[in-house]
Amino acid sequence: MYRKSIAQEYYALAVNEKGTMPVMHMDESNAGIVVSSIMDFILNDVITVEKKKITVIKELPNELRHLASLYTYLKDKPRSTEKLMSDYAVSTGSRIKQLLTEIGESLLEDGAAVKKAGGLFGNKAVYIPDRSYKDALAGNMKTEVAKDEISPHDIALVYILNKTKNLNQYLSKHEFDDLKAKLKEMKKNPQNKQLGDMLNYVVDLTTMLMACIIIVTSFN
């Protein structure tokens, strides 16, 4: 099947049938949107992350135009990963809302989602992934992670879904444990340094954003 960006695929797999992030872990799920977008930038050589400092090194590719607001934010001035996470930690904040809308609109344009009125009072736009697309994507992900060679794209997608508590509806614990064992062996190969670095980014960024969410929530 035609693959989309990590952020688009994460969004399609994470949102529920109402077009919103799961209520029980909404903050974590929104955190995954930011982390998956950053991973898209890293894997497409749009940014570098060194000593927790994010630097834009390339113009935004057309295939990632749905991440324009985040790209503009990062390009505006040097950002630390801590600053990024604190600015995007609030689920009701304008930055995360704009990013979610951009991704939802991109799926709508591709025919992979429908736009409806939703929210508590039915006064906000929500983007509901097409069921057949979502099922096909989930099946494709299961097939890809069962292979001996797994793409960085799929590894990042699965790990972000896991860290944000959105994976168990698609992969069993046994399947995920098998994947972790496989990755552990793969990381022993010096040529797979990028793989290890990428997984560290996923874990570090998600953990950092969770910490920022807890801090912000405690003051509200």
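Numbers here are sequence positions counted from 1. Scope of the values below: all heavy atoms of this structure, side chains included, with no hydrogens, waters or symmetry mates. All values reported here derive from a predicted model rather than from experimental measurement.
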query: Does the salt bridge (charged side-chain N to carboxylate O under 4.0 Å, His left out) test come out yes or no for K165 and E28, once each step is laid out?
result: CA-CA 8 Å; K165 305 176 184 176; E28 295 96 326; 3.3 Å; yes
field: Residue pair D130, K134: steps toward the salt bridge (charged side-chain N to carboxylate O under 4.0 Å, His left out) verdict
entry: CA-CA 6 Å; D130 177 75; K134 190 168 184 171; over 6 Å; no
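Residues forming a ring-ring contact (aromatic ring centres under 6.0 Å, His included) with Y71 (at least two apart in sequence, or on another chain): none. Here D178 pairs with nothing under the salt bridge (Lys or Arg N to Asp or Glu O under 4.0 Å) rule; sequence neighbours left out.
Under a 4.0 Å N-O distance rule, the pair D177/K173 qualifies as a salt bridge. Here E105 pairs with K115 in a salt bridge; the nearest charged N to carboxylate O distance falls below 4.0 Å. In summary, D154 and R3 engage in a salt bridge, as defined by a charged side-chain N under 4.0 Å from a carboxylate O.
Side chain to side chain, T164 and Y10 meet the donor-acceptor criterion of an N or O pair below 3.5 Å. Between the side chains of S151 and E144, no donor-acceptor pair is found at a separation under 3.5 Å.
Summarising the geometry, atom CG belonging to L157 is positioned 11.0 Å from atom CG belonging to N162; distances are rounded to the nearest 0.5 Å.
Remark: K116 fails to qualify as a cation-pi partner of Y127 under the 6.0 Å distance and 45° angle criteria applied to the six-membered ring.
A pairwise comparison of heavy atoms in L67 and A7 identifies CD2-CB, 4.0 Å as the closest pair. Residues L167 and M141 come closest through the heavy atom pair CD1-CE, 4.3 Å.
Within a 6.0 Å radius of NZ in K53, no more than 12 heavy atoms belonging to other residues, nucleotides or ligands are found.
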